[in-house]
Number of protein chains: 2
Amino acid sequence: MEVPGLERRFRERGLRRTPQRVAVWSDFADHPGSTIREAAARLQRAGIGQATVYRAVRALEEAGLIVRFAAPHEEVRFAAVLDHAHLLVCERCGHVEPLQECGLRAYEAELARRSRFRVRGHTLIVYGLCPECQESP
Amino acid sequence: MEVPGLERRFRERGLRRTPQRVAVWSDFADHPGSTIREAAARLQRAGIGQATVYRAVRALEEAGLIVRFAAPHEEVRFAAVLDHAHLLVCERCGHVEPLQECGLRAYEAELARRSRFRVRGHTLIVYGLCPECQESP
DNA sequence: ATTGATGCAAATAATTTGCACCTTT
DNA sequence: AAAGGTGCAAATTATTTGCATCAAT
């Protein structure tokens, strides 16, 4: 997968752009909301060892290239991000949709003022039932 | 710990109010942002087996009495909730502060309309550095 | 060339389960 | 009394690590 900006982001962070890391990132981009285990299973078929997947996830997360999130009573899941991290997750089928704006910028600023935290970012997970899962019983 | 409303919530959900479950809930209330492991270690001293802690966490989470969240490159953490789940997390020391209003109600409604999801709720984790951790190097 | 990344297999840690016994409703 | 919860220990599953080799800068 050709990802505009990815290369640059790797370089900026001093991460080596190995085929494995790109593959891990791409896998989460193609399958947002996967668990590490699911991703590792797919990537193993491409000859990528599971230790590498775990190591790549750590590196990518530290670089802010993927985010982790936990839907209620679910294993930790990941999704690729190039920008902000906002996800809409179906509780039933696990389908994940990335969201655009969340209108939290002002809230964040006010929060920083009131709490005296230095706010670095946020993760918002909205969960519910996707249209398909609303149908089936 | 005496928790107004907890009893009722247990009953509403058909959960048995065992001393162990109350203890697990209280532990997360007293130590918001703990991992299961941390909670289990503390509770073990009270004679609660770790399998019980895992089972209680699952039950409580299903009942909406605790929430799980994952700060960036962190193990999954939990916090007790009686209402909505909004947390301010320090990335350095893990200190967690519950937040009140988030101003997302309107956003949620609009999102439901646009995405056709049936929105059930959301988890918002704002992360950054708490005042203390901004000082120390 | 140098430094860091990979794959494998082994080690460690986290989570779940079976079962006999006890508690809540 | 019935249904469900608990503790322990064993089983299973997830994650990390050591090390020799390989690849990216």
Side-chain angles (χ1 to χ4, degrees), chain A residues 2-3 6-28 31 33-63 65-66 68-78 94, chain B residues 3 6-28 33-63 65-66 68-78 94:
Chain A
E2 204 35 67
V3 189
L6 186 59
E7 188 105 9
R8 181 181 50 77
R9 296 200 112 195
F10 270 83
R11 209 174 12 223
E12 277 175 3
R13 322 246 175 191
L15 272 183
R16 284 192 184 174
R17 204 211 64 107
T18 67
Q20 290 89 341
R21 284 172 173 178
V22 174
V24 171
W25 189 90
S26 299
D27 188 86
F28 284 118
H31 308 274
S34 288
T35 62
I36 294 196
R37 198 158 35 85
E38 290 162 354
R42 283 188 296 264
L43 291 159
Q44 208 131 43
R45 293 188 218 114
I48 297 177
Q50 65 176 8
T52 298
V53 176
Y54 279 93
R55 287 187 278 226
V57 163
R58 207 191 301 189
L60 291 167
E61 191 184 16
E62 238 148 66
L65 292 166
I66 61 177
R68 85 171 46 203
F69 62 96
H73 41 95
E74 285 275 341
E75 208 171 334
V76 172
R77 298 175 173 281
F78 294 86
Chain B
V3 189
L6 185 59
E7 188 107 9
R8 180 179 52 76
R9 298 199 111 192
F10 270 84
R11 207 170 19 217
E12 277 175 2
R13 323 245 175 191
L15 272 183
R16 286 193 182 172
R17 204 209 64 105
T18 67
Q20 290 88 340
R21 284 172 173 179
V22 174
V24 171
W25 188 89
S26 299
D27 188 86
F28 284 118
S34 288
T35 61
I36 294 194
R37 196 159 36 86
E38 290 162 354
R42 284 188 296 263
L43 291 159
Q44 207 133 41
R45 293 188 220 116
I48 297 176
Q50 65 176 8
T52 298
V53 176
Y54 279 94
R55 287 187 279 227
V57 163
R58 208 193 299 192
L60 292 168
E61 192 184 16
E62 239 148 63
L65 291 165
I66 60 177
R68 86 170 45 202
F69 62 96
H73 41 93
E74 284 276 340
E75 209 170 334
V76 172
R77 297 173 174 281
F78 294 86

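So you know, we letter chains A, B, ... as the sequences are listed, proteins then strands, and number each from 1.
Whole-Å rounding puts the B:Arg58 CZ to C:dT15 C1' distance at 9 Å. Between the CZ atom of B:Arg11 and the P atom of D:dG4 there is a distance of 18 Å, rounded to whole Å. Here D:dT15 presents its C1' atom at 11 Å from CD of B:Glu75, a figure rounded to the nearest Å. Protein atom CD of A:Gln50 is 9 Å distant from nucleotide atom P of D:dA14, rounded to whole Å. B:Tyr54 places its OH atom 17 Å from the C1' atom of D:dT6, with the value rounded to the nearest Å. Atom CZ of B:Arg21 and atom C1' of D:dG7 are 14 Å apart (whole Å). Regarding B:Phe10, its CZ atom lies at a distance of 18 Å from the P atom of C:dT23, rounded to whole Å. Following rounding to the nearest Å, B:Ile48 (CD1) and C:dC22 (P) show an atom-to-atom distance of 18 Å.
With the nearest nucleotide of DNA chain C identified for both B:Pro19 and A:Ala46, A:Ala46 has the one nearer the 5' end. In this structure, A:Leu15 and A:Ile36 both approach DNA chain D, and ranking their closest nucleotides by distance from the 5' end singles out A:Ile36.
You'll find a donor-acceptor pair under 3.5 Å spanning the side chain of A:Arg55 and the base of C:dG7, going by distance alone. The base of C:dA13 is not paired with the side chain of B:Arg37 by any donor and acceptor separated by under 3.5 Å. In terms of polar N and O atoms assigned as donor or acceptor, the side chain of A:Arg16 comes within less than 3.5 Å of the base of C:dT3 in a complementary pairing.
Annotation: side chain of B:Tyr54 is not in contact with side chain of B:Val24 (no heavy-atom distance under 4.5 Å). With a 4.5 Å cut-off on side-chain heavy atoms, A:Arg42 and A:His31 count as touching.
Among the atoms of the strands shown, only primed sugar atoms or phosphate atoms (P, OP1, OP2) are found under 4.0 Å from some heavy atom of A:Arg17.
Checked against C:dT6, D:dT16, D:dC8, the side chain of B:Ala51 finds its nearest nucleotide in D:dC8.
Within the structure, a side-chain polar atom (N or O) of A:Thr52 is placed less than 4.0 Å from OP1 or OP2 of C:dG7. Put simply, B:Thr18 has a side-chain N or O that comes within less than 4.0 Å of OP1 or OP2 on D:dT6. Within the structure, a side-chain polar atom (N or O) of A:Gln20 is placed less than 4.0 Å from OP1 or OP2 of C:dG7.
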Verify side chain to side chain contact (heavy atoms under 4.5 Å, CB included) between B:Gln44 and B:Gln50, making sure each step is shown before the conclusion.
-> CA-CA 7 Å; B:Gln44 207 133 41; B:Gln50 65 176 8; 4.2 Å; yes

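The number of heavy atoms from other shown groups lying within 6.0 Å of CZ (A:Arg13) is above 12.
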